[in-house]
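Comments concern the structure below.
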Amino acid sequence: MTFGKGHHLHLIDGSAFIFRAYHALPPLTRKSDGLPVGAVSGFSNMLFRYIENNNGADAATHVAVIFDYSGKTFRNEIYPQYKAHRPPAPEDLIPQFPLTREATRAFNVSCIEIEGFEADDIIATLSCQARDAGARVTIITSDKDMMQLVGGGVEMLDPMKNKRIDSEGVEEKFGVGPNRVVDVQALAGDSADNVPGAPGIGIKTAALLINEYGDLETLLSRASEIKQPKRRESLINNQELIRVSRDLVQLDCDMNLDFTLDSLEVQVPNVEDLVGFLAKMEFRTMLKRASDRFGIDAPNLPDAPAGGGGASIAQQAAVPDAKPFDLDAYEHVHTIGALERWIDAIYERGYVAVDTETTGLDAMQVDLVGISLCVEAGQACYIPIAHKAGDDDLFGGDSLVEGQLPMDLVIDTLRPMLQDPSIVKIGQNMKYDAKIFARYGVTVAPYDDTMLMSYALHAGIHNHGMDALSTRYLDHTPIPTKELLGSGKSMITFDKVELGKAIKYAAEDADVTLRLWQIFKPKLHVEQVTTVYETLERPLSPVLVQMERNGIKVDRDVLSRMSNTFAQKMAGLEAEIQELAGQPFNVGSPKQLGEILFDKMELPGGKKGKTGAYATGVDVLEDLASEGHELPARVMDWRQLSKLKSTYTDALQTFINPETGRVHTSYIQTGAVTGRMSSSDPNLQNIPIRTDEGRRIREAFVADAGKKLISLDYSQIELRILAHVAKIDSLKQAFRDGHDIHAMTASEMFGVPMEGMDPMIRRQAKAINFGVIYGISGFGLARNLRIPRKEAQGFIDRYFERFPGIKEYMDETVAFAKEHKYVQTLFGRKIHTPEIAAKGPQAGFAKRAAINAPIQGTAADIIRRAMIRMPAALADLPQDVTAKMLLQVHDELIFEVNDDACDMVIEIVKDVMENASEPAVKLDVPIEVDAGIGNNWAEAH
DNA sequence: GGGCTCACG
DNA sequence: GACGTACGTGAGCCCG
């Protein structure tokens, strides 16, 4: 709706508020770094109260805060002394000016300042425009200069006295109506602004004269008629000064503004912006108030915060009044009374940092050794449970060390707290601890994870391991694990660590975790990634716990048979290769192979890398093979088999859990900077599929008896996202119409019909489509398609010509990265790109990564959202149907389902996946999911 | 432990 | 004008 009748515009004089706040409040400073924030605080408070009270009959429909722009204005040109006697702003107020603008924006209120103009003129222009449009206007200020604007629906509101001023109010003050206020001011002058006026004439006299003569010009022309000599002389002798004064006080109603009144419509504050700002400023009371009002968790500001924006990392790390780490102060909990006291302390606060110590790294197999807790920086304990003496008693087992509570008692005592929805459990990589606890019958919930917080905050800046985070943010290096357990052959397990040392190490970890949490929690708001953390990171972790615990059944016999076959084939190839080489050598050694190829056989194309070794990668071997050389071709075959055998058919067998008969991968939620996960121990995200021989490995991944595996994967999700973010209408339409997207691209580019297209042309278009997602280069495309570089560049040029939006997207993304040092997904995930400023070859790298990250990252966010919603969606299934989510492979999810329920489950899962972006993001392209069913992964995919 | 190679999306 | 480039991962192997 266009601004006009029925609307009510509030214009807030920001500068006036700043000064008032500054003088009214004691000189507050931000606790962490001493930044003066008194005026910002007062200003923010005022704005907060304003917003809370903006209801009822006088409520604004449109609002703006207007600020003075520092520097000279046109009035200084008319009269150099204008406001010249004003002392400069106090030193501790100056840094607060930009912060008040930030505060205004944080409250989602329009914030206006224009170079060369005072706030008064902007207010005048806006109020005239609004009045002419037939709307109501309220100018919120105590500056009497603004009274000339009153009338015709315009009123003033003096916030000091909370008094509305209409035309009558103006007359009370100036003795004339609003339209003559300027005349009175011109005569009376204004000492505050150094406006001269006519000497000896004040407001009273001025009003009297104006009322008598009608207006200023008439008065001046008839000045000689004035009876009182003093007044007469003053007017006659100071005509010029009076006219200048009039020009100074006359507000400019005709400024050219580059925005419309419509754009000032009242907005609901964005909670994240607001809370982020208040947290950054460390305004505890307002933070609480905002949190209450918007029904969110108040971010915890640490008592001794680690510094805010602007400070260097080193300064941030050096917590000025932080408690030092005292490893001797940690408590050894070995009585039930002590344990209960800790639980009481936890309930007093509502949160606790938890860490588990175990006999190894595989959470599906290791034993729990002890638990550490921390409720406050420096206040941590360790509860040893299963530390062993290492004395190999008569029965072949080690005896438990003294000073430990029984396992069952500890678990049973802690369980209610660990499962209590009102107690936040805090961990570093809590997925691991949650998996351990799950095996002891405890479902830890809810929990925060400092590793995930760091990931939401710092992806692309640094890694998120505890030692690194502690060193960086707490300026404290924890005891290295190596120091405790040793390394290599003589490494011991944690249960053999001497109790005294174990207490220090374990409790320290909980202490570090709690302190990191105290720093990261408010920082999430400041960096505006709270939503990312709370909707994409925290809720995914328990889902992964379940998936990893589910595992997938792997048939050892299938793998072992394949291993044997591969071994035989490899032996045959090895003999053949050595025959061709004319000597025995280690085929698996790139170095030896290089020497055979390029020194002994003197084949062309030998290129040495930086280590001085010949390169023998596939592309090199392929080139040689295509020239008809037999040996490199055989080496390629051998390598393929070697890879399949060592990485898959052999290695996978060692990962079959003896208890479950299944393979339990571990997902690293922070594995890729883009928001993708990675999988390890074993990596189940790179099981072969591209060759027939490799693909058969998937036959070893099987469904349990009476069940099937189903696989659902997003179709072309990254290209769809590209079409959306780059706003390519033809691509979007092709997706809506369900066309073959690569054929359509080819058709656009080369002007050939989609029907009966040459597969070669389509292949090239497909390569370009993918290239675009990766930040295409002529070189890369040329290499991929094995065509001359010039030709590849020609393709790219034509592509950009046909789809100009793509080039625009790329340029805009790179520009954004350069400006902000990060890029974002559609869901707000930040991927930091510090390298973007680099010079040299890294610059190209960084550019392409910046282009790719929003696309890959958005796709990653979408599947995460689907995964997070999956447990609830599957919970609606009938009682007798079990459907378990087992694996994620970037755009694919694998489930294990009762074989008679596959269709039902597919329907549900598909629905969740296809609508996962909503309601947060509405894509302009449909998202489609393909499904497959089988007894094993090869069949299902 | 770094570099190379290669498996996946 | 030369250089060096597709994006994101994890793992096994060789070799110093």
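Reminder, nothing fancy here: chain letters follow the sequence lines and each chain counts from 1.
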Rounding to a whole Å, what distance do you find between [X]:[atom1] and [N]:[atom2]?
X	N	atom1	atom2	value
A:E595	B:dC4	CD	P	15 Å
A:N852	C:dT5	CG	P	18 Å
A:D619	C:dA6	CG	P	10 Å
A:K482	B:dG1	NZ	C1'	12 Å
A:Q669	C:dT9	CD	P	15 Å

Which is true for [X] with a 4.0 Å heavy-atom rule: it touches a base, it touches only sugar-phosphate, or it touches nothing?
X	answer
A:R690	base
A:L684	nothing
A:D891	sugar-phosphate
A:I668	sugar-phosphate
A:A850	nothing
A:E718	nothing
A:S777	base
A:F845	sugar-phosphate
A:I776	base
A:G617	sugar-phosphate

Quote, to the nearest angstrom, the [atom1] distance that separates [N] from [M].
N	M	atom1	result
B:dA7	C:dC3	C1'	30 Å
C:dG4	B:dC4	P	14 Å
C:dT5	B:dT5	P	13 Å

Exercise. Would you say the ring centroid of A:Y799 lies under 6.0 angstrom from that of A:F803?
Worked result: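 Aromatic pair counts; centres sit under 6.0 Å.
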Is there a side-chain polar atom (N or O) of [X] under 4.0 Å from OP1 or OP2 of [N]?
X	N	result
A:R848	C:dG8	no
A:R783	C:dA6	yes
A:Q592	C:dC15	yes

Exercise. Stem ranges for DNA chain C, with three or more consecutive Watson-Crick or G-U pairs under 3.5 Å?
Worked result: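 Stems (3+ consecutive pairs) listed as B:1-9 with C:7-15.
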Side chains of [X] and [Y]: donor-acceptor distance under 3.5 Å anywhere?
X	Y	answer
A:D599	A:Y614	yes
A:Q856	A:E718	no
A:T858	A:R720	no
A:T691	A:Q640	yes

Problem set entry | N/O donor-acceptor pair under 3.5 Å between A:R865 side chain and A:A916 backbone |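 Looks like yes, one N/O pair under 3.5 Å.
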Exercise. Are any of the side-chain nitrogens in A:K569 or A:E693 under 4.0 Å away from the carboxylate oxygens of its partner?
Worked result: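 A salt bridge links A:K569 with A:E693.
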For this session: Mind checking salt bridge (charged side-chain N to carboxylate O under 4.0 Å, His left out) for A:E622 and listing every partner two or more places apart, or none if nothing turns up?
Result: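 By the salt bridge (charged side-chain N to carboxylate O under 4.0 Å, His left out) rule, A:E622 matches A:R786.
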Problem set entry | Qualifying residues under salt bridge (charged side-chain N to carboxylate O under 4.0 Å, His left out), relative to A:R549, sequence neighbours excluded |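 For A:R549, no residue satisfies salt bridge (charged side-chain N to carboxylate O under 4.0 Å, His left out) once neighbours in sequence are set aside.
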Exercise. Can you tell me if NZ on A:K884 sees more than 12 non-hydrogen neighbours from other groups inside 6.0 Å?
Worked result: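 12 or below, so no.
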Exercise. Take atom CZ in A:R696; do more than 12 heavy atoms of anything else shown fall under 6.0 Å from it?
Worked result: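 No, CZ of A:R696 has 12 or fewer neighbouring heavy atoms, counting only those of other groups under 6.0 Å.
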Hey, what are the protein-to-nucleotides 11-13 of chain C N/O distances that come in under 3.5 Å?
residue: C:dA11; atom: OP1; partner: A:D681; partner atom: N; Å: 2.9

For this session: For A:A849 and for A:R789, find the nucleotide of DNA chain C with the closest heavy atom, then tell me which residue's nucleotide is more 5'.
Result: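 By nearest-heavy-atom nucleotide position, the 5'-most residue is A:R789.
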Exercise. According to the interplanar angle, ranging from 0 to 90°, do the rings of A:H464 and A:H458 count as parallel (below 30°), tilted (30 to 60°) or perpendicular (above 60°)?
Worked result: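 Judged by the thresholds at 30° and 60°, the geometry between A:H464 and A:H458 is parallel.
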For this session: Please identify each residue that fulfils ring pair (Phe, Tyr, Trp, His ring centres under 6.0 Å) with A:Y533, with sequence neighbours left out.
Result: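 Partners of A:Y533 by the ring pair (Phe, Tyr, Trp, His ring centres under 6.0 Å) criterion come out as none, since no residue qualifies.
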Exercise. Which residues, if any, of residues 933-941 of chain A bring a heavy atom under 4.0 Å of DNA chain B?
Worked result: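 Residues of residues 933-941 of chain A under 4.0 Å from DNA chain B: none.
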